[in-house]
Amino acid sequence: MKITTQNISKSFGPIKALDDVSFQVDHGELFGVIGPDGAGKTTAIRILCGLSKPTSGEIMVAGLDVYRNANEIKKNIGYMSQKFSLYENLTVWENIRFFAGIYGMRLKDIKLKGRHMLERLEIEHLRDKLIASLPTGWRQKLAFSIAIFHEPQIVFLDEPTSGVDPVTRKQFWEMIYETAHNGTTVFVTTHYMDEAEYCDRVTIMTDGKIIALDTPEQLKEHYNAKSMDEVFRKLARNIE
Amino acid sequence: MNRFTGFVKKEFLHIIRDVRSMLILFGIPVVQILLFGYVLSNEIRNANIAILDHSRDEITAQISQKLIASGYFRLKANLNSADQIEPLLKSGKVRQVIIFEPDFEKNLVRENKAHVQIIADASDPNTANMLVSYSRAIISDYFLESAETTSLPLQIDQEVRMLYNEELKGVFMFVPGTMALILMLLSAMMTSISIAREKELGTMEVLLVSPLRPVQIVLGKVTPYIGMAFINAVVIIALGVFVFGMPVLGSLTLLMAESLLFICMALSLGILISTKAKSQQVAMFISMFAFLLPTMLLSGFIFPVKNMPLLLQWISHVIPAKYYITIIKNIMLKGTGFLFVWKETLIIAAMMIAFIIASVRMFKVRLE
C-alpha cells in the first residue's frame, strides 16, 4: 500500500504544526520521520491515521481518500502510540485477545497466532501476567506485536523507542526491519537521529516543514557527513 | 457484535480489577445510605427535656407519659420551680421544657381550656422548631384520643398531621435523595473517568484508529455501567425497604424504569464531560462540582427547594436529580402512577437527549 500526501497543512489557532507537507511512501518501505520535539511528527502521524483532520491538503492511502473511505482503510492499518498503549490491568493474553477482537479476528486464529507470537517474543511464561508488571522494554515489544497482529498493510509507529534502553531499542528496530522486509509498509517517527540509519528513506522535519527527504546514504553523501546526527546538525545550521 | 461483546467484557475486567472502582461502585452506596439513614438523619430521637408540672394531676401525668413514650423525648428532670428552668437550658442539658399551669385538670373541666407552655432552646432553631412541633402534635393527639373515649368537652386549637410520612421519618427523605446522588455520581463520574483514563493511557487513540466506530466505543464503555448502576439502584431500594421500612406503594416496575431513565441521563452527561476532560483528575473534578454539590444541595435532597433564595430556586430547575427525587417520592410514598410523574419523566428524557446531542457535536469538533 502506498501513502501519498499532497500539500497538507494543519494549524492549531495561530500555530502551524504542519506547513505544506507533501511526500510519498512506497509499498513495503520503512519510512522514517526524524525531527526534534514539536517538529510536527506526531501531528503528521495523527493525520495519516485519521485521528485528526488536516486544515488543508489531501491524503491518499492505497489510492483511497483517508476521510471518505475511513472504514476501508482502518482495517488495513496498525497504530502504536508513544505510550505503548496496552491496558495495564489486563493480562498479556487479554490484551492480545481484545485488540485482535476489535479487528474482527476469529478466536481460533487469535489463539493460534497468539501462541506463535508469544513464542517468538519468548514470553510464554508471562501470558497471564498483568501488563502493569512487565518492564518497559517488554511492553513496547508486545505493543508493537499487537499493532501488527491483524497483519495490517501499513503500520504507524509514533516515537516507539522513547524512554527505552539502548539494547532494547536495537532489538526493537530489528523487529521493525523484519516487519518491513515481509512487505508491510512502516511509517515511523523518532527524535533519535541514529535510528534514521535503519530506514529506507528519511524525512527530516523542523517547525512543521520537511527540510530533507532521501535515503540515509544519499543524505550523508549530500551533506558530506559521517552520521545522520551530523546531517541534522548541518541542516539545522543552514536554517539559522 | 462479537467486537462489541469483547469490548464490554474488557470494560468489566477493568472495573472488577480496579479496587478504587469497586469501592466507588459497591462500597460507597451502601455506606452512604446507612450513614444518611442512621447518622445524618434530621429526625429527632431521645431529645432531653424537663417537665415543670405545677398541677400534678392525672391528665398532666398522662400527657407527660405520652411525650416520653413517643421516643422523641427523654425526661431528664422533673422540676419544682420556674427558677430552675433557665440554668438548665443554659447548661444545655435539656433542649426543651414543658410547663403545665396549676390546676390544669380543673381548668380544663371548668373552662374547657388549659395552658401548656413550651420553652425550647432555639440556639439551634431547626431542632427547636421540630421539637416544638412534635410536642404540640403529641399533646393534640392526646386530646383527640381522649375526646373519643371520654365525654370531656375539650378545645383543640390545632391540628398537625404529617402526610405521607406520618412518623416524620427522615430516612424517607434520604433514601430517594441518596439514590439520586449515588446513581448520578456513579453513572456520570465513572463513565467520564473511564473514558478519560483511556485518553490518558493513549489507548483511546488506538481504539479510534481501529475499525470500531465511535458509537461502538461509547456504547461499549457505557453498557457495563448501566448494569452496575442498575444493581445499585436495586440495592438501595432493598436497603430502604428492608432496613428502614420504607414503603413502595406504587409500581415497582415504574420505579425501576424511571431509575433506568435517570441512569441513562447521567451516563450521557458523563460522556459529555469526557469529551471535554483530558485527564481523570479533570473528569473527577468536574463530576464533583457539577454533580455532587448541586445534587446534594439544590435538588431538595437536604434543603427544601421552596426555602431557597429565588436565584437558587431557578438553578434547581436544571438539576436533574430534583425531578428524579420527585418521581421516586411520588411512586414510593404516595403510590402514584405514571400519570402524575410524566412531566418530570419528560424533563429527564429531554435532558438526556440534549446531552447526547451535545456530546455528538463535541466529538465531531474534536476531530476537526
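Convention: sequence-line order gives letters A, B, ...; per-chain numbering from 1.
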Got a list of side-chain donor-acceptor pairs under 3.5 Å for residues 125-137 of chain A, not counting sequence neighbours?
{"residue": "S133(A)", "atom": "OG", "partner": "L130(A)", "partner atom": "O", "Å": "2.7"}

I'd like to check the side chain to side chain contact (heavy atoms under 4.5 Å, CB included) partners of S145(A); sequence neighbours left out, ordered by chain and number.
M117(A), L121(A), M175(A)

Could you please state which residues from residues 36-43 of chain A sit under 4.5 angstrom from chain B, measuring non-hydrogen atom to non-hydrogen atom, sorted by number, or 'none'?
none

Answer yes or no: is there a donor N or O on one side and an acceptor on the other, between the side chain of K10(B) and the main chain of N95(A), under 3.5 Å?
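Not at all, since once roles are kept as given, no pair shorter than 3.5 Å links the two residues.
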
Looking at K83(A) and E200(B), would you say the former's side chain and the latter's main chain have a donor-acceptor pair under 3.5 Å?
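The answer is yes, because a donor-acceptor pair under 3.5 Å joins these two groups.
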
Between [X] and [Y], what is the shortest heavy-atom contact and its length?
{"X": "V206(B)", "Y": "S85(A)", "value": "CG2-CB, 3.9 Å"}
{"X": "S81(A)", "Y": "G202(B)", "value": "OG-O, 4.0 Å"}
{"X": "K74(A)", "Y": "L212(B)", "value": "NZ-O, 4.2 Å"}

Does any part of the side chain of [Y], heavy atoms only, come nearer than 4.5 Å to the side chain of [X], both counted from C-beta?
{"X": "R17(B)", "Y": "L90(A)", "result": "yes"}
{"X": "N89(A)", "Y": "L13(B)", "result": "no"}
{"X": "Y87(A)", "Y": "E198(B)", "result": "yes"}
{"X": "R46(A)", "Y": "E205(B)", "result": "yes"}

Structural part of R197(B) lying under 4.5 Å from a heavy atom of chain A:
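Neither the backbone nor the side chain of R197(B) comes within 4.5 Å of chain A.
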
Heavy-atom distances under 4.5 Å only: say whether F156(A) touches chain B with side chain, backbone, both or neither.
neither

Contact class of F98(A) relative to chain B, heavy atoms under 4.5 angstrom:
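Contact with chain B involves the side chain of F98(A) alone.
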
Side-chain donor-acceptor distances from residues 104-113 of chain A under 3.5 Å, at least two apart:
{"residue": "K113(A)", "atom": "NZ", "partner": "F149(A)", "partner atom": "O", "Å": "2.5"}
{"residue": "K113(A)", "atom": "NZ", "partner": "E151(A)", "partner atom": "OE2", "Å": "3.2"}

Other residues, nucleotides and ligands only: do more than 12 of their heavy atoms fall within 6.0 Å of [atom1] on [X]?
{"X": "R169(A)", "atom1": "CZ", "result": "yes"}
{"X": "F285(B)", "atom1": "CZ", "result": "no"}
{"X": "Q6(A)", "atom1": "CD", "result": "no"}
{"X": "E58(A)", "atom1": "CD", "result": "no"}
{"X": "H317(B)", "atom1": "NE2", "result": "yes"}
{"X": "Y177(A)", "atom1": "OH", "result": "no"}

To the nearest 0.5 angstrom, please state how far the OG atom of S52(A) sits from the CG atom of L208(B).
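Separation between the atoms: 11.5 Å.
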
